[in-house]
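Shown next, in structure tokens, is the structure this report addresses.
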Amino acid sequence: MTFRLGYGTNGFANHRLDDALAVIADLGYRGVALTLDHHHLDPYADDLPARVDAVARRLAELDLTVVVETGARYLLDAHRKHHPTLVSEGQDRRVDFLGRAILVARDLGADCVSFWSGVAARPDGAWDRLRSGVARVVDLADRAGVRLGLEPEPGHVVERLDQALALRAELGDPAPLGITLDVGHCVAVEPEDAAACVRRAGDLLVNVQLDDMLPGVHEHLEFGEGDLDLRGTLAALVDTGYRGLAAVELPRHSHAAPRVARRAFAALTAATAPHVPDPDWLAEAERRVRADPAAIRALFPAVGREVGRGPLRADDPGGLVHGTVDDAARARLVAALPDATELPALYRYGDDAERRGVLRALTPDTDPDVGLPIVRDALRANDTRLVAAALGPFAARHLDRHAWRHGVLKCLFTGIPLAAVHGLRDRTDDELLRMTADYAAEREAAGRDVPADALRLLGRTP
């Protein structure tokens, strides 16, 4: 995959920002769309530079890339949502806010600042006001060395991609001004599908928002609830060489943010898997599990036959690091369950592939009373794929240090890449380094090569 999958903080409105970033990273996302707001990095805070520095450090610790979003509802006016906008007669406060966002993005090392035009209360002269306002913002971005992404938004003056491209042309195609594309908006208002919009935006695309929608309805839905061809849309991003962030945009789902984000990641992972013969089977299976959780008992064994068993990525032919197509599909079925009560039986009575699917479906918010016995059993196995799957984000959060260290050593002994171990950087301690050093010394004394992963862990890069 050429791009990074991320999640928007506007879908974690009930979380502290630091907690939201940790959950997003734990679930496997590699980036975050950060909406500046009074509760998430307030751009008007007196101590803003210190806050930005702290967020930058946290993003680096979690290895998350970032884009800056500017769609906060009541940040600028406590009475009128999203007011003022760039099409308002008094647009100065919006321009000032976007200028602040640009400086925050610069200091965070963000990919871009994303913004939209606004709804015109008075249509007369709205386009001219917009053109003037965008020109002011482009000048601020140019001076700061930050890219901008203009987002077509249903009901706004710039509603469709062709209008965004037309505005850019009128401004002389300024280099800092790119395009943000919400693929759900494409379903709602564009005359062509999201994949076609991705291809039309081409190398101007600097930011992508992922969600599902229905034609003519501006309501952000979870994947599978609308008409978006998710697989085709993600394939278009790969085909066009898009290398930015593609972040889930579900701003009205904060009440269940971790669970929704987990379901979204499972859907995205499955949709990016190669060679899935029958994606309709998987979508129908998810619907059956949501309606009747016990249905997973019959569906789980059938997954490999229906969707395939190949690796998710060509650079991981054994599926040890990123898993396999059937792993990703089983994770989607588990994500459709209301809780973890079915998992012990799925693991206990399943074959190795089904057990691996359960392990890769475990997330940091899985009930530890359910997940820990499963992980501990897998770490006693001789199947390297089970061991690799066991050391995922759930184990990084919940497995005790002693068992986790021995899991890492087992990877070194059996040739499992340490890239399969989630949280390795955060959980590595002096005891693990001592154990690894002893292992390396034993191999050297026996005249045997020390695995490159062990040398890297010890800071002895080969």
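The basis for the numbers below is simple: all heavy atoms, side chains too, and nothing from hydrogens, waters or symmetry mates. Worth saying up front: this structure is predicted, and the values here are computed from it rather than measured.
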Would you kindly say whether [X] and [Y] are connected by a side-chain donor-acceptor distance under 3.5 Å?
X	Y	answer
D365	T363	yes
E151	N207	no
N10	E249	yes

Over all atoms of both residues, closest heavy-atom pair of [X] and [Y]:
X	Y	value
A389	R360	CB-CG, 3.7 Å
R93	P84	CB-CG, 3.9 Å
A33	A247	CB-CB, 3.8 Å
G149	T180	O-OG1, 3.3 Å
D316	G323	OD2-N, 3.8 Å
A285	L333	CB-CD2, 3.7 Å

What I'd like to find out is whether the side chain of [X] reaches to under 4.5 Å of the side chain of [Y], using heavy atoms alone.
X	Y	value
V87	V119	no
L75	P43	yes
H83	S88	yes
H422	L391	no
P417	C411	no
T233	L228	yes
L161	C197	yes
W116	H82	yes

Mind checking whether H255 and H253 have parallel, tilted or perpendicular rings, split at 30° and 60°?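 H255 and H253: parallel rings.
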Charged N to carboxylate O below 4.0 Å: is that the case for [X] and [Y]?
X	Y	answer
R30	D63	no
D42	R51	no
R200	E192	yes
R160	D162	yes
D239	R199	yes
D173	R168	yes
D139	R143	yes

Hey, is the main chain of [Y] close enough, under 3.5 Å, to the side chain of [X] for a donor-acceptor pair?
X	Y	value
R427	A396	yes
R330	F300	yes
D229	G232	yes
T9	T35	yes
H156	G118	yes
D26	V23	no
S132	D128	no
E306	A302	no

Knowing that exactly one of L62, V248, V32 qualifies, which makes a side-chain contact (heavy atoms from CB on, under 4.5 Å) with I24?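 Per the side-chain contact (heavy atoms from CB on, under 4.5 Å) rule, the option paired with I24 is V32, out of L62, V248, V32.
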With respect to R136, which candidate in D92, D96, L86, L98 satisfies the side-chain contact (heavy atoms from CB on, under 4.5 Å) definition?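 Result for side-chain contact (heavy atoms from CB on, under 4.5 Å) with R136: D92.
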Atom pair [atom1]/[atom2] of [X] and [Y] - distance to nearest 0.5 Å:
X	Y	atom1	atom2	value
L221	D212	CG	CG	6.0 Å
D339	R259	CG	CZ	7.0 Å
L181	L150	CG	CG	11.0 Å
L21	Y29	CG	OH	14.0 Å
F3	L205	CZ	CG	10.5 Å
S117	L130	OG	CG	5.5 Å

Among R332, R252, R290, R263, find the one that has a salt bridge (charged side-chain N to carboxylate O under 4.0 Å, His left out) with E222.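 Filter result, single survivor: R263.
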Begin with the C-alpha distance, continue with both residues' side-chain angles, and end with the deciding distance and a verdict on salt bridge (charged side-chain N to carboxylate O under 4.0 Å, His left out) for R122 and D124. CA-CA 6 Å; R122 292 183 55 189; D124 292 347; 5.5 Å; no
Run the side-chain contact (heavy atoms from CB on, under 4.5 Å) test on R58 and V55 for me, step by step, so that the C-alpha distance in whole Å, both residues' side-chain angles and the decisive distance to 0.1 Å come before the verdict. CA-CA 5 Å; R58 189 61 174 148; V55 172; 5.6 Å; no
Run F394 and L359 through side-chain contact (heavy atoms from CB on, under 4.5 Å) and show every step you take. CA-CA 9 Å; F394 173 87; L359 288 162; over 6 Å; no
Using side-chain contact (heavy atoms from CB on, under 4.5 Å), reason through V206 and L148 one step at a time and then give a plain yes or no. CA-CA 8 Å; V206 296; L148 300 169; over 6 Å; no
Do F265 and Y7 make the cut of ring centroids closer than 6.0 angstrom?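 So the answer is no for these two rings.
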Verdict with supporting geometry, L230 and L268, side-chain contact (heavy atoms from CB on, under 4.5 Å): CA-CA 8 Å; L230 180 59; L268 290 165; 3.9 Å; yes
ring-ring contact (aromatic ring centres under 6.0 Å, His included) partners of residues 200-223, not counting sequence neighbours, each pair once: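 For residues 200-223: H185-H218, H185-H220, H218-H220.
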